[in-house]
Number of protein chains: 2
Amino acid sequence: MQGPKEYSEKEEKIFRAAIEEFAENGKQGARMHAIADHVGCNKALVHYYFRNKERLYEEVFDFLFSRFFITVHNAITDAPTFEETLTRFVDEFTDFLEEFGPYPILMLKEMDMDSKKKRFERIKEQTGMGPMSLFREKMEQAVERGEIRDLDVRQTFMSIMGECTYLFIAFPVLSLSNPEAAKHKKEIIEERKQHIIDLIYNGLKNKGLNNRQ
Amino acid sequence: MQGPKEYSEKEEKIFRAAIEEFAENGKQGARMHAIADHVGCNKALVHYYFRNKERLYEEVFDFLFSRFFITVHNAITDAPTFEETLTRFVDEFTDFLEEFGPYPILMLKEMDMDSKKKRFERIKEQTGMGPMSLFREKMEQAVERGEIRDLDVRQTFMSIMGECTYLFIAFPVLSLSNPEAAKHKKEIIEERKQHIIDLIYNGLKNKGLNNRQ
DNA sequence: GTCTATATCTCGATAGAC
DNA sequence: GTCTATCGAGATATAGAC
């Protein structure tokens, strides 16, 4: 994992710890001393590198947000079938969630509209077409060649994102009925990917007029 | 909306405000004075009724958690087709999320395993069979009568929950590209319900051997 | 039950030695 | 760059009048 700018080794460690701490406890719940402890240094050093909590949070937010955006963007590629496009998308987005947890998604609530809009625009400039437009393109092509049904693009996009994200939200509850879930996390994640691809692709697939009620 | 115990009028108002405040800002981010302000009373009164922040939070958690559990439980009913079972489930669960936001779901992360397990068991006693077992029953019946495919129950359950929940997580982002989203929230929610039911049911439906690749 | 005033505490932030 | 010590803001919590 790389930070957004060039970080010294210590700085990088602090930044990583900050990502974890914010992800675990939210903006307000995060504790500067917890970040310091995790790295094995003093609070003052965290302030030395990142000035204050607000700036540190913003830097973490920017990093995660652009990572998220770029991941989703890159995950939508050309492929001969929409099934393959979907497979790659679910695969890469889930891997992203595995690395950073569902927090990058949940963070979006914590920013005021203006900041969000600004950051959104800035990243869009860097990556060209937004993820949604890209996804729309692939879906519409698949509809045209008769592979899938003509469903609302936004809704479908939300469905995929939701199915992927939910595993990581529900994991603590999953662990209740299956205490060893944490051990088999990798396996569970791979199973989940397959299920999502199967269920969604089947839901989208065009089965011809006589099969559509 | 009813509180878990018998509340006096004022107590109930404070409790409601607390739900909102915790939902908006998380456990640590919530402010006692914000709750008091919202009700139009003094901080001291909040303490008078609920002793301290920790207890208040736990009471809110318990209330939301059992509401969630009971909603999901009641939403899974007998119906001649699985499509109807699914429709009712998506409808009721989404309404629950509309009322309380995605927070009840996210709160599950904030409790330690032991408390969670205890609360889980307690509610299970009250409601009899857990939601998952109920859902399993309905799905297996539908598989037997050839209505739907034989997919993993847990996975399918997660898929539905995820698709429903995500709208409320993504809403702040939705509002970015569509500033009037907040105004049409009701409409958007109803559209989303329809999409979810359509996509999932189509994904589950058994199309006969020759249509299964 | 409800308020004002205040005590107590937690945590972010800074000063200053090394 | 890194630490110790400490300040000060802001929040929770309590005491005590009404």
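So that the names make sense, note that chain A is the first sequence line, chain B the second, and so on, each numbered from 1.
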The side chain of [X] lies closest to which of these nucleotides: [options]?
| X | options | result |
| --- | --- | --- |
| A/Leu45 | C/dT2, D/dC3, C/dT4 | D/dC3 |
| A/Arg31 | C/dG1, D/dC3, C/dC11 | C/dC11 |
| A/Met32 | C/dG1, D/dT14, C/dG12 | C/dG12 |
| B/Tyr48 | C/dT4, C/dA15, C/dT2 | C/dT2 |

For A/Lys193, the option from A/Asp91, A/Thr87, A/Thr94 that meets side chain to side chain donor-acceptor pair (under 3.5 Å) |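 Only one option passes, and that is A/Asp91.
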Tell me the interatomic distance from [X], atom [atom1], to [N], atom [atom2], rounded to whole angstroms.
| X | N | atom1 | atom2 | result |
| --- | --- | --- | --- | --- |
| A/Tyr57 | C/dG12 | OH | C1' | 17 Å |
| B/Asn42 | D/dG16 | CG | P | 17 Å |
| B/Lys13 | C/dG1 | NZ | P | 15 Å |
| A/Asn25 | C/dT10 | CG | P | 17 Å |
| A/Tyr7 | D/dG1 | OH | P | 14 Å |
| A/His47 | D/dC3 | NE2 | C1' | 15 Å |
| B/Arg55 | D/dA13 | CZ | C1' | 13 Å |
| B/Glu9 | C/dG1 | CD | P | 12 Å |

Is A/Glu121 atom CD crowded by more than 12 heavy atoms from other residues, nucleotides or ligands, each under 6.0 Å away?
->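 Yes, the 6.0 Å shell around CD holds more than 12 heavy atoms from other groups.
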Would you kindly compare B/Gln28 and B/Ser8 by the position of their nearest DNA chain C nucleotide and give the one closer to the 5′ end?
->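 Nearest nucleotide further toward 5': that of B/Ser8.
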Name the residue closer to the 5' end of DNA chain C, choosing between B/Cys41 and A/Lys53 according to the nucleotide with the nearest heavy atom.
->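 Here B/Cys41 is the residue nearer the 5' end.
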Mind checking [X] for me? I need base, sugar-phosphate or nothing, with any heavy atom below 4.0 Å counting as a touch.
| X | value |
| --- | --- |
| B/Ala36 | nothing |
| A/Lys43 | base |
| B/Asn52 | sugar-phosphate |

Quick one: are the ring centres of [X] and [Y] less than 6.0 Å apart?
| X | Y | result |
| --- | --- | --- |
| A/Phe89 | A/Phe157 | yes |
| A/Phe15 | A/Tyr7 | yes |
| B/Tyr166 | A/Tyr166 | no |

OP1 or OP2 of C/dA13 less than 4.0 angstrom from a side-chain nitrogen or oxygen of A/Arg51, does that happen here?
->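 No, A/Arg51 has no side-chain N/O under 4.0 Å of OP1/OP2 on C/dA13.
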